[in-house]
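Worksheet for the structure shown next.
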Amino acid sequence: MSPRKSSTSSGRSKSRPRYLGIEVAGQPFPALSPRWWEANLRVGLDRTPGPTGVPFRLVRVEGRRAIAEVDRYVAGRARSAWNAPVSGDDRIRFATRRTWGTLVGAKRWLRAGR
């Protein structure tokens, strides 16, 4: 191994996170606290085929929009789970809008919705 090579690059995780932009639409509109978001995103993700308890992190919530961080290997599963009615209520729906590889683009999208 070359002495110029950094050993830190070999220690990085192979799984890079993805950031999903999620919106909620419908009537009657629920209270959108971070707890509400986390609980309903968890229910939606656990309803999809595959293992339950897939980790995700709610990065930011602003009104009807939120950014969630998921592992890149479950990003597709999260997108399909979060394009559905919220907790079985057909009047309120989640919709994923975009997926980003960095948080910069996700935060820009969130600011644009104000």
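The residues of the chain are indexed from 1 along the displayed sequence.
Of the possible donor and acceptor atoms, one in the side chain of Arg65 sits under 3.5 Å from a partner among the backbone N and O of Trp109. Between the Trp82 side chain and the Leu41 main chain, a donor and an acceptor come within less than 3.5 Å of each other.
Between the CD atom in Glu23 and the CZ atom in Arg98 there is a gap of 12.0 Å [rounded to 0.5 Å]. Atom CZ of residue Arg18 and atom OG1 of residue Thr102 lie 9.5 Å apart, to the nearest 0.5 angstrom.
Residue Ile22 comes nearest to Ala68 through the heavy atom pair CD1-CB, 3.8 Å, listed as atom of the first residue, atom of the second, then distance. For Ala78 against Leu20, the heavy-atom pair with the smallest separation is CB-CD1, 3.7 Å. Here the closest heavy-atom approach between residue Val61 and residue Pro34 is recorded as CG2-CA, 4.5 Å. Nearest heavy atom pair, residue Ala81 against residue Thr48, reads CB-CG2, 3.2 Å. The minimum heavy-atom distance linking Phe56 with Leu45 is given by the pair CD2-CD2, 4.0 Å. Looking at every heavy atom in both residues, Pro85 comes nearest to Arg47 through O-NH2, 3.1 Å.
Residues Val54 and Val70 fail the side-chain proximity criterion, which asks for heavy atoms closer than 4.5 Å. Under the 4.5 Å side-chain criterion, counting only non-hydrogen atoms from C-beta, Val86 is in contact with Trp36.
With 3.5 Å as the limit, one finds a donor-acceptor pair spanning the side chains of Thr96 and Asn83.
Each of Val43 and Trp37 belongs to its own hydrophobic cluster when Ile, Leu, Val, Met, Phe, Trp and Tyr are linked at side-chain heavy-atom distances under 4.5 angstrom.
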